[in-house]
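Structure record follows, encoded as structure tokens.
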Amino acid sequence: MLKNARHIFKLDPAREITDEALEMIAESKTDMILVGGTDNVTEDNVLNALSRVRRFSKPVALEVTDKDAVMPGFDHYFIPAVFNTTDIKWQHGLMLEALEEYSHLIDYSEMSLLPYLIMNEDCKAFKKAEAEPVTMEMLPHYVDMIDKLYKTEYLYIEYSGMYGDPEVMETVKRHAENTHVIYGGGITSKEQALEMAQFADTIVAGNVIHDDVKKALRTIIN
Ligand SMILES: CC(C)=CCC/C(C)=C/CC/C(C)=C/CC/C(C)=C/CC/C(C)=C/CC/C(C)=C/CC/C(C)=C/COP(=O)(O)OP(=O)(O)O
Ligand SMILES: O=P(O)(O)OC[C@@H](O)CO
Ligand SMILES: [Mg+2]
């Protein structure tokens, strides 16, 4: 489902969105809605987001950032793994804890690993995941490692909250030969969406749906 998506809206369950705005998002030409956020993600607000989005036919997936805020009903589940972390717990430690507790509930056919490189040093996810900066010198090595050694299905280049550097994305595109590249961060216009879509297989617009839904709709490139 993500493999065929060119454009995704990320809905933060911890942020407000009106019914009218949600309907505009869900009935738009975006390929998928991904529910996820870095903090204050709870069982209650994820359930609320799911039940509101489920009134529409748009595919909806959950990006799991808290093992206790997962529930049946999503079309797919993405499990983030931060590759530029300084603490292994953000790459697979918390995942193992979740598996230890919930393995009896897990259907692996509906879950995918979502490897992250978090580029915006000021964003919440960078701080939470105890990430370290990825320099231009190291970037090709990170991407080669993920693409050619780990051979992961996906690679998410995360600039959450700020528009990213096209030069970074051009380097990512050159080195990611097989992995499906997702770009997210600061997209608020069609021009930005088109620019990043040159380098990424999928682009994600998040905060703009909560800030200005009409602007958000203009980021759809499908
Ligand atoms: C019924 C059913 C399906 C049962 C499944 C059972 C179950 C509980 C399975 C759990 C599976 C599992 C292995 C879970 C692991 C969960 C886990 C703890 C993963 C670690 C998450 C992680 C690495 C978080 C770090 C931060 C991060 C990478 C976040 C993602 C990016 C993101 C959402 C950015 C946007 O954040 P936002 O809040 O919008 O911030 P801004 O201020 O910048 O906008
Ligand atoms: O919220 P924005 O900055 O659009 O970023 C989208 C997404 O990459 C966040 O995980
Ligand atoms: Mg956000």
Side-chain angles (χ1 to χ4, degrees), residues 7-17 25 30 33-43 45-47 49-50 61-131 154-164 169 181-189 192-193 196 200 202-213 215-216 219:
H7 180 280
I8 289 181
F9 280 130
K10 191 181 280 192
L11 177 68
D12 188 339
R15 291 193 64 184
E16 300 281 315
I17 185 162
I25 290 302
T30 192
I33 293 177
L34 183 58
V35 174
T38 301
D39 54 7
N40 303 315
V41 174
T42 64
E43 201 174 5
N45 59 30
V46 173
L47 181 58
L50 174 65
L62 177 67
E63 178 171 47
V64 182
T65 49
D66 186 322
K67 67 177 168 48
D68 301 317
V70 188
M71 62 208 54
F74 286 90
D75 297 312
H76 204 77
Y77 299 83
F78 291 96
I79 315 294
V82 179
F83 273 68
N84 61 320
T85 182
T86 57
D87 186 335
I88 201 70
K89 91 175 185 197
W90 299 106
Q91 188 171 357
H92 71 235
L94 290 171
M95 224 179 276
L96 272 174
E97 276 175 28
L99 297 190
E100 190 181 9
E101 197 175 338
Y102 293 110
S103 61
H104 56 292
L105 294 174
I106 293 179
D107 172 357
Y108 288 102
S109 70
E110 57 180 32
M111 297 214 169
S112 300
L113 187 78
L114 201 46
Y116 268 80
L117 288 177
I118 309 181
M119 307 302 292
N120 175 7
E121 294 167 34
D122 295 321
C123 77
K124 277 190 298 208
F126 187 95
K127 292 183 177 113
K128 179 167 178 178
E130 298 169 72
Y154 303 108
L155 167 59
Y156 196 128
I157 306 294
E158 176 66 282
Y159 273 94
S160 192
M162 77 175 268
Y163 188 63
M169 291 308 297
V181 174
I182 300 147
Y183 168 85
I187 294 181
T188 57
S189 70
Q192 291 173 333
M196 287 307 174
T202 302
I203 57 161
V204 183
N207 289 336
V208 68
I209 69 174
H210 300 280
D211 296 337
D212 185 340
V213 71
K215 254 187 173 178
T219 70

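Both ligands and their constituent atoms are indexed starting at 1 by order of listing.
- By the criterion of a heavy-atom distance under 4.0 Å, the side chain of Y156, and not its backbone, is placed next to ligand 2.
- Taking the side-chain hydrogen bond (donor to acceptor under 3.5 Å, both in side chains) definition, one finds that S160 meets it with nothing, sequence neighbours left out.
- Using modelled atom types, one finds a donor on one side chain and an acceptor on the other under 3.5 Å when comparing D107 with S109.
- With sequence neighbours left out, S112 forms a side-chain hydrogen bond (donor to acceptor under 3.5 Å, both in side chains) with H76.
- Ring geometry, Y156 versus Y116: the interplanar angle falls under 30°, so the pair is classed parallel (tilted spans 30 to 60°).
- Any N or O atom pair closer than 3.5 Å counts here, and Y116 shares no such pair with ligand 2.
- Every atom of ligand 2 is numbered from 1 in the order shown, and the set under 4.0 Å from a heavy atom of G186 is 2 (P), 3 (O), 4 (O).
- Residue V208 places no N or O, backbone or side chain, under 3.5 Å from any N or O of ligand 2.
- Within ligand 2, the atoms closer than 4.0 Å to a non-hydrogen atom of N207 are 1 (O), 2 (P), 3 (O), 4 (O), numbered from 1 in the order shown.
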Are any protein N/O atoms closer than 3.5 Å to the N/O atoms of ligand 1? If there are, list each pair with names and the distance to one decimal place.
unit_1: ligand 1; atom_1: 36 (O); unit_2: T38; atom_2: N; d: 3.3
unit_1: ligand 1; atom_1: 36 (O); unit_2: T38; atom_2: OG1; d: 2.6
unit_1: ligand 1; atom_1: 38 (O); unit_2: D12; atom_2: OD2; d: 3.4
unit_1: ligand 1; atom_1: 38 (O); unit_2: T38; atom_2: N; d: 2.8
unit_1: ligand 1; atom_1: 39 (O); unit_2: D12; atom_2: OD2; d: 3.4
unit_1: ligand 1; atom_1: 42 (O); unit_2: K124; atom_2: NZ; d: 3.3
unit_1: ligand 1; atom_1: 43 (O); unit_2: S160; atom_2: OG; d: 2.6
unit_1: ligand 1; atom_1: 44 (O); unit_2: N207; atom_2: OD1; d: 3.1
unit_1: ligand 1; atom_1: 44 (O); unit_2: N207; atom_2: ND2; d: 3.1

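- Using a 4.0 Å cut-off between charged nitrogen and carboxylate oxygen, K67 and E101 count as a salt-bridge pair.
- Protein atoms of type N, O or S found under 2.8 Å from the Mg ion (ligand 3) total 1.
- Per-residue contacts place S160 under 4.0 angstrom from the following atoms of ligand 2 (heavy atoms of the residue considered): 3 (O), 5 (O), 9 (C).
- Looking at ligand 2, you'll find an N or O of G161 within less than 3.5 Å of one of its N or O atoms.
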